[in-house]
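Count residues from 1 along the sequence.
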Amino acid sequence: QVDLLQAGAEAKEVPVRILQAWHDRAPAGIDHACRGTASGQRGRVVAGVLSDYIGRIVTLALVSISQASILLFFPRFTTFGEFIVGAAVVGFSYGACLSIFPSINADTWGTKNMGLNYGVLFTAWGVGGVIGPILAGRIADQTGSYEGAYNIAGMLLMFAFVLAMF
């Protein structure tokens, strides 16, 4: 006879064992990517709750300002710890936007065409996710540094803050 509770516990341990074995052989960047994912998950939950209390636009404005600030300081980070904190803020902000954007979409344009409207918004976000790193790479190739790309991204986020307030 199969004990379902024990089978469930063993099934939960298999991914953990695989990850532990993989982690022992994986480059250090994998660990930080996992931490970034955790930051994004926290951002979704915190921003979702926060937006219910202080409003979606105010939450979006706070996320934009925090991410702009961290991106403007990114080129000046000199320690690994600063980089980890910066990456965590960026991951948190990314996750926050994933929870705020659908709600703002529904609040602004209603739910009748939400699938289409959010699809357009998310597609634009995806296009930015493809074009942004390409442009950042070109800036770094031409200047020898990503500082210009960080500054442009930070300024665009400040512009997003201004747009959110109107």
Side-chain angles (χ1 to χ4, degrees), residues 15 19 22-23 25-48 50-51 56-78 80-166:
L19 285 174
W22 184 54
H23 183 270
R25 293 184 207 105
I30 298 298
D31 187 42
H32 304 299
C34 291
R35 289 177 193 191
T37 301
S39 295
Q41 291 168 345
R42 288 181 187 99
R44 288 181 190 119
V45 173
V46 170
L50 191 62
S51 73
R56 305 196 199 307
I57 299 301
V58 174
T59 304
L60 180 62
L62 290 173
V63 168
S64 296
I65 284 296
S66 69
Q67 193 168 9
S69 300
I70 211 72
L71 286 176
L72 291 171
F73 283 107
F74 235 102
R76 289 152 189 80
F77 291 163
T78 57
F80 188 69
E82 290 171 335
F83 174 77
I84 293 300
V85 169
V89 170
V90 170
F92 183 93
S93 300
Y94 184 85
C97 288
L98 281 173
S99 70
I100 298 170
F101 283 168
S103 303
I104 290 175
N105 185 5
D107 292 349
T108 305
W109 294 292
T111 57
K112 181 180 178 191
N113 295 311
M114 185 169 169
L116 175 65
N117 292 338
Y118 188 63
V120 169
L121 187 148
F122 205 70
T123 300
W125 195 2
V127 168
V130 170
I131 292 173
I134 293 170
L135 292 175
R138 288 191 178 163
I139 291 169
D141 287 344
Q142 291 177 355
T143 64
S145 169
Y146 281 97
E147 184 170 357
Y150 284 124
N151 289 337
I152 290 169
M155 287 185 270
L156 287 172
L157 281 159
M158 286 185 181
F159 183 62
F161 166 76
V162 171
L163 288 177
M165 299 317 295
F166 295 102

Chemist: Show the atom names and distances, to 0.1 Å, of all donor-acceptor pairs under 3.5 Å that link a side chain in residues 60-77 to residues at least two apart or in another chain.
Modeler:
unit_1: Ser64; atom_1: OG; unit_2: Leu60; atom_2: O; d: 3.0
unit_1: Ser66; atom_1: OG; unit_2: Leu62; atom_2: O; d: 3.3
unit_1: Ser66; atom_1: OG; unit_2: Val63; atom_2: O; d: 3.0
unit_1: Ser69; atom_1: OG; unit_2: Ile65; atom_2: O; d: 2.8
unit_1: Arg76; atom_1: NH1; unit_2: Leu72; atom_2: O; d: 2.9
unit_1: Arg76; atom_1: NH2; unit_2: Glu147; atom_2: OE2; d: 3.4

Chemist: Could you name each residue pair satisfying salt bridge (charged side-chain N to carboxylate O under 4.0 Å, His left out) that touches residues 62-75, not counting sequence neighbours?
Modeler: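 Of all non-adjacent pairs touching residues 62-75, none passes salt bridge (charged side-chain N to carboxylate O under 4.0 Å, His left out).
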
Chemist: Which side chain to side chain donor-acceptor pair (under 3.5 Å) pairs, counting each pair once, include a residue from residues 94-107, with sequence neighbours left out?
Modeler: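 Pairs touching residues 94-107 that pass the test: Arg56-Asp107.
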
Chemist: Can I get a per-line list of side-chain donor-acceptor pairs under 3.5 Å for residues 130-143, giving both atom names and the distance, sequence neighbours left out?
Modeler:
unit_1: Thr143; atom_1: OG1; unit_2: Ile139; atom_2: O; d: 2.8
unit_1: Thr143; atom_1: OG1; unit_2: Ser145; atom_2: N; d: 3.3
unit_1: Thr143; atom_1: OG1; unit_2: Ser145; atom_2: O; d: 2.9

Chemist: Sort and list the pairs that fulfil side chain to side chain donor-acceptor pair (under 3.5 Å) and have at least one residue in residues 109-133, not counting sequence neighbours.
Modeler: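 Output for this query is empty, none listed.
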
Chemist: Shortest non-hydrogen contact from Thr59 to Ala47?
Modeler: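 What the structure gives for the nearest pair is CG2-O, 3.9 Å.
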
Chemist: Would you please name every residue forming a side-chain contact (heavy atoms from CB on, under 4.5 Å) with Ile57, sequence neighbours left out?
Modeler: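 Testing Ile57 for side-chain contact (heavy atoms from CB on, under 4.5 Å), a comparison that skips the adjacent residues, returns Ile104, Ala164.
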
Chemist: Any salt bridge (charged side-chain N to carboxylate O under 4.0 Å, His left out) involving residues 91-102? Give me the pairs, sequence neighbours left out, ordered by first then second residue.
Modeler: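 Found none.
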
Chemist: Could you give all pairs that pass the salt bridge (charged side-chain N to carboxylate O under 4.0 Å, His left out) test and reach residues 88-106, with sequence neighbours left out?
Modeler: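 Matches after skipping sequence neighbours: none remain.
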
Chemist: Under the salt bridge (charged side-chain N to carboxylate O under 4.0 Å, His left out) definition, can you give me all pairs with a residue in residues 117-137, not counting sequence neighbours?
Modeler: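 Those involving residues 117-137 do not exist here.
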
